[in-house]
Structure formats: structure tokens, C-alpha cells
Student: 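I am attaching a structure below and will ask some questions about it afterwards.
Heads up: numbering here begins at 1 and tracks the sequence.
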Amino acid sequence: MNVERLQKMAGVVRTGGKGTVRRKKKAVHKTTSTDDKRLQGTLKRLGVNTIPGIEEVLLINADGSALQFTNPKVQASIAANTYVVSGASQHKRAQDVMASMLAGMGGMAGLQQMMGGMGGGMPAFNPEGAADEPEDDDDVPELVENFEQAAQ
């Protein structure tokens with residue numbers, strides 16, 4: 001090999017000046033622990049609390065994919081409107097996940113029975129935001145006497 005090239009390569013691996021020992025291999029610094037500590041510090045400042053007893057979290061995206069967490073660690077700060085879900089996740093199709101959820105509830109009959117137990121099901125959707133009421137107001141009684149004469 002060329003002597004100049006060897007000296008150039010030797011200069012790259014030195015940790016100090018002339019006369020110091022060469023490094024055997026380049027040290028790889030791990031930054032994941034620092035990022036995790038910064039994240040935990042920020043979450044602590046927000047005042048998140050751990051929510052126990054959550055077995056599954058399912059996040060459904062607009063494109064039809066789903067992100068499923070099984071036995072996750074869930075933390076929440078209601079005041080900051082912040083929810084943290086951490087743990088092992090799986091990417092699935094939303095149709096597959098919803099089908100398994102429906103099967104776990106006992107099919108459509110089980111879903112209808114659950115909805116019936118919740119108070120008759122969901123109300124009808126009205127885009128104007130007004131309740132669907134009949135036009136006749138039978139709940140207002142008729143005026144039978146003149147209150148102005150009684151006040152005099």
C-alpha cells in the first residue's frame with residue numbers, strides 16, 4: 001500500500017495527538033436511554049397517571065389499517081388532553097379486527113342485545129342538531145281563566 005494513504009488512515013483512528021494509542025474500534029453511543037429519560041421527564045411535567053386494567057388498545061386509521069396493542073401501559077392526563085399508549089403493537093387490517101371483536105361479542109345478536117340493554121339503542125342522527133319531535137305540543141295546557149282580572 002501507499003505510505004501516505006496508511007498515514008492518513010492511521011490519523012483518522014487516533015483519539016489524541018501524536019504518540020497516542022490507536023482505537024481498536026469506533027465506540028457507538030446509545031441515545032435511546034437519553035430520549036426515554038427526556039420523554040419520561042416531559043410526561044411527568046404534564047402530570048400523567050397510569051390507568052390500570054386495560055387489556056387492549058385499538059387505533060384505527062383513515063386508510064383502513066389498525067394498530068393493535070395487547071396489554072399496553074396506558075397513561076393519561078385529562079387536563080392536557082394527552083394519552084400515552086406504550087407496549088408491543090401489531091399492524092392489522094381494520095376489517096379483520098372488527099370482525100374478531102364482533103365474534104367476541106356473540107355476533108350481531110349479542111351486539112343487538114347489548115345495545116338493547118343500554119337503553120334502546122342509539123338515537124337517530126339529525127344533522128340540524130334538533131331532536132326529532134312531533135309538531136303538535138300536547139304537553140302545554142290550555143289557558144282556562146284570565147289571570148289579569150284575578151290580580152286586580
Student: For residues Leu67 and Ile54: do they belong to one hydrophobic cluster (side chain heavy atoms under 4.5 Å, members Ile, Leu, Val, Met, Phe, Trp, Tyr)?
Tutor: yes
Student: Any side-chain heavy atom of Val57 sitting closer than 4.5 Å to one from Val74?
Tutor: yes
Student: What heavy-atom pair brings Ser77 and Leu46 nearest, and what distance separates the two atoms?
Tutor: OG-O, 3.2 Å
Student: Quick one, Ile60 and Leu58 - any side-chain contact, counting heavy atoms below 4.5 Å?
Tutor: yes
Student: On a heavy-atom basis, which atom in Tyr83 and which in Ala76 lie closest, and how many Å separate them?
Tutor: CD2-CB, 3.5 Å
Student: List the atom of Ser89, the atom of Phe69, and the distance in Å for their closest heavy-atom pair.
Tutor: CB-CE2, 3.5 Å
Student: How far does CD of Gln68 sit from NZ of Lys92, to the nearest 0.5 angstrom?
Tutor: 4.0 Å
Student: Any donor and acceptor pair, going by atom type alone, linking the side chain of Asn61 with main-chain N or O of Asp63 inside 3.5 Å?
Tutor: no
Student: Mark yes or no for whether Thr42, through its side chain, and Arg38, through its backbone, hold a donor-acceptor pair below 3.5 Å.
Tutor: yes
Student: Are Val97 and Leu59 connected into the same hydrophobic cluster when the rule is that any two of I, L, V, M, F, W, Y join if their side-chain heavy atoms are below 4.5 Å apart?
Tutor: no
Student: Take atom CD of Glu56 as the centre, draw a 6.0 Å sphere, and report whether it contains more than 12 heavy atoms from other residues, nucleotides or ligands.
Tutor: yes
Student: Got a second to check how far His91's NE2 is from Ser65's OG, nearest 0.5 Å?
Tutor: 8.0 Å
Student: Is there a side-chain contact between Thr70 and Glu55, using heavy atoms and a 4.5 Å cut-off?
Tutor: no
Student: Looking at side-chain heavy atoms only, is the closest gap between Gln75 and Leu43 below 4.5 Å?
Tutor: yes
